[in-house]
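Okay, structure first, notes after.
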Protein chains: 2
Amino acid sequence: MAIQQVQDDLLRKSYPLFEDNLVSEIEEQGEFKTFPANEVLMRKGQYIRSTMLVLSGLIKIYREDDEGNEFLMYYLRPGEACALSLVCAAKHEASPIMAKTVTETDVMMVPVDTMSEWMSKFKSWYQFVIETYRTRFDELLATLDNVAFRSMDERLEFYLKRAKEAQQTNLLNISHQEIANELNTSREVISRLLKKMEQKDMVKLNRNTIELKKF
Amino acid sequence: MAIQQVQDDLLRKSYPLFEDNLVSEIEEQGEFKTFPANEVLMRKGQYIRSTMLVLSGLIKIYREDDEGNEFLMYYLRPGEACALSLVCAAKHEASPIMAKTVTETDVMMVPVDTMSEWMSKFKSWYQFVIETYRTRFDELLATLDNVAFRSMDERLEFYLKRAKEAQQTNLLNISHQEIANELNTSREVISRLLKKMEQKDMVKLNRNTIELKKF
DNA sequence: ACCGAACGGTGATTCAAATCACATAGCAGT
DNA sequence: ACTGCTATGTGATTTGAATCACCGTTCGGT
């Protein structure tokens with residue numbers, strides 16, 4: 001099958017509500033790219049010239065501060081786009097976030113100027129943009145709730161649930177250090193809490209893997 | 001002057017980018033309301049049937065959790081609307097937030113169904129919606145940063161700066177207890193930190209008022 | 001099979017913030 | 001002016017989490 005055909009299938013499957021004309025324009029204007037796992041797609045402070053439409057794989061979006069602290073905001077799955085890239089693209093602002101692939105990921109890069117045209121041209125596009133804002137807003141609120149109201153053990157549970165859902169597996173391949181970074185705490189704290197969860201038979205721990213049992 | 005004329009003036013002044021036809025429809029479909037200071041406009045869990053367009057005054061938007069904890073998300077000033085009410089209105093979902101007036105406030109209540117029509121009918125309306133999402137997203141990120149990365153003294157400073165800007169005054173009429181609630185901490189902590197700031201000559205404290213000096 | 005790096009476990013200590021306990025000050029209503 | 005309520009000040013104690021110190025384990029590379 002031609003490469004173009006594969007890309008078209010991916011796009012239509014991930015974004016079933018897009019009109020045919022919109023799909024054609026995306027294919028014309030956009031650039032198809034594949035990134036390996038664990039690749040940083042965007043750093044804080046970079047300028048954004050295009051939005052990524054996720055076609056396959058999984059992306060993590062982080063917030064970073066000036067001292068190198070970071071924490072996980074949310075995941076992006078196929079059919080989703082980052083609200084922030086829509087924001088920044090529109091304002092030609094520097095990115096306030098960092099994006100990183102979890103698994104190998106296919107995306108379609110769409111240039112900014114094109115996007116704003118589509119807003120008036122394609123109903124399905126602005127519905128998509130609105131829906132993107134909506135779901136990202138909800139996700140961000142959930143993250144905020146946890147940071148503001150919950151103690152570290154509750155936040156860890158929430159983190160693991162979210163990871164399970166995003167990655168569709170009970171077997172997470174991740175180190176304690178990485179979890180600590182994503183919750184903006186220290187490795188020791190996570191190790192201790194995970195150990196307690198193991199004693200309650202909620203998880204099973206092995207080097208670089210966490211098996212989720214009661215989730 | 002007729003009441004309708006006053007309302008029309010307020011609306012046009014606060015939302016100068018709205019098309020004439022849109023202003024007419026808002027006046028036809030919407031309901032003009034005035035709330036006194038310190039009135040709760042919306043509680044968590046309520047269902048949202050309309051969005052508020054702020055015409056004058058000032059509103060605070062809080063996040064609440066199930067145990068009665070709360071914290072301030074951001075302010076809404078004239079010309080602004082709450083992104084969340086747009087979200088929930090669209091999804092017919094319960095409100096995840098609480099809204100409260102700071103000063104006497106005039107708003108225009110717009111029913112949900114009408115709003116979605118406007119999305120395709122009035123370019124200035126969907127531009128407004130997009131812009132609302134954008135700015136609320138930015139505000140929410142700033143709030144999140146503070147909770148996630150900053151210590152309580154830094155968060156307090158940020159809080160005071162934001163309050164000054166929203167209320168356009170150096171003389172805040174607010175108790176330590178109220179600040180504590182809005183930062184989800186305890187009154188003693190705020191009293192102590194404010195005392196330290198007074199010693200540094202950053203503020204001047206009096207019963208129910210805080211005078212901001214170096215801000 | 002050995003080495004070095006990354007990973008994970010765990011006690012001891014420090015620290016910021018929450019909580020407890022109580023005192024004092026200022027304002028509002030009678 | 002008295003009363004009572006709300007707001008504020010401040011020490012003492014507790015607590016959850018961060019940090020420090022150090023250990024053994026596992027894995028990948030040669």
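These values consider heavy atoms only, across backbone and side chains, with no hydrogens, waters or symmetry-generated copies.
Following rounding to the nearest Å, Asn173(A) (CG) and dC27(D) (C1') show an atom-to-atom distance of 14 Å. Counting to the nearest Å, the P atom of dG16(D) and the CZ atom of Arg155(A) are 15 Å from each other. One atom, CZ of Arg187(B), and another, P of dC5(D), lie 18 Å apart when rounded to the nearest Å. The separation between Lys196(A) atom NZ and dA17(D) atom C1' is 11 Å, rounded to whole Å. Between the CG atom of Leu205(B) and the C1' atom of dA25(C) there is a distance of 14 Å, given to the nearest Å. Rounded to an integer number of Å, the gap from Asn146(B) CG to dA17(C) P is 13 Å. If you measure from atom CG of Leu193(B) to atom C1' of dA16(C), you get 10 Å, rounded to the nearest angstrom. Between the P atom of dG24(D) and the NZ atom of Lys195(A) lies a distance of 17 Å, rounded to the nearest Å.
In this structure, Ser175(B) reaches the sugar-phosphate backbone alone: every heavy-atom distance under 4.0 Å involves primed, P, OP1 or OP2 atoms, never a base.
In this structure, Glu80(B) does not pair ionically with Arg134(B), as no charged nitrogen and carboxylate oxygen lie closer than 4.0 Å. Looking at Arg12(B) and Glu27(B), no side-chain N of the basic residue comes within less than 4.0 Å of a carboxylate O on the acidic one, giving no salt bridge. Taking the charged nitrogens against the carboxylate oxygens, Glu165(B) and Arg162(B) have no contact shorter than 4.0 Å, which rules out a salt bridge.
Note that Arg150(B) lies outside the cation-pi zone of Phe158(B), set by a 6.0 Å cut-off to the ring centre and a 45° limit from the axis.
Among the nucleotides dG8(C), dA12(D), dC27(C), the one closest to the side chain of Arg192(B) is dA12(D). Each of dT10(C), dT10(D), dT26(D) was ranked by its minimum atom distance to the side chain of Ser191(A); first place goes to dT10(C). Listed candidates were dA17(D), dG8(C), dT8(D). Nearest to the side chain of Thr185(A) is dA17(D). For Arg207(A), taking side-chain heavy atoms from C-beta onward, the closest of the listed nucleotides dG9(C), dG26(C), dA6(C) is dA6(C). Here the side chain of Val189(B) is nearest to one of dA18(D), dT19(C), dC20(D), namely dT19(C).
Closest-nucleotide positions on DNA chain D for Thr209(B) and Met152(A) were compared, and the one nearer the 5' end corresponds to Thr209(B). Two residues, Ser151(A) and Glu188(A), neighbour DNA chain D, and the one matched to the more 5' nucleotide by heavy-atom proximity is Ser151(A).
Not one side-chain nitrogen or oxygen of His176(B) sits closer than 4.0 Å to the OP1 or OP2 atom of dT6(D).
For the side-chain hydrogen bond (donor to acceptor under 3.5 Å, both in side chains) with Tyr62(B), the lone residue among Glu70(B), Glu182(B), Lys44(B), Lys100(B) that qualifies is Glu182(B).
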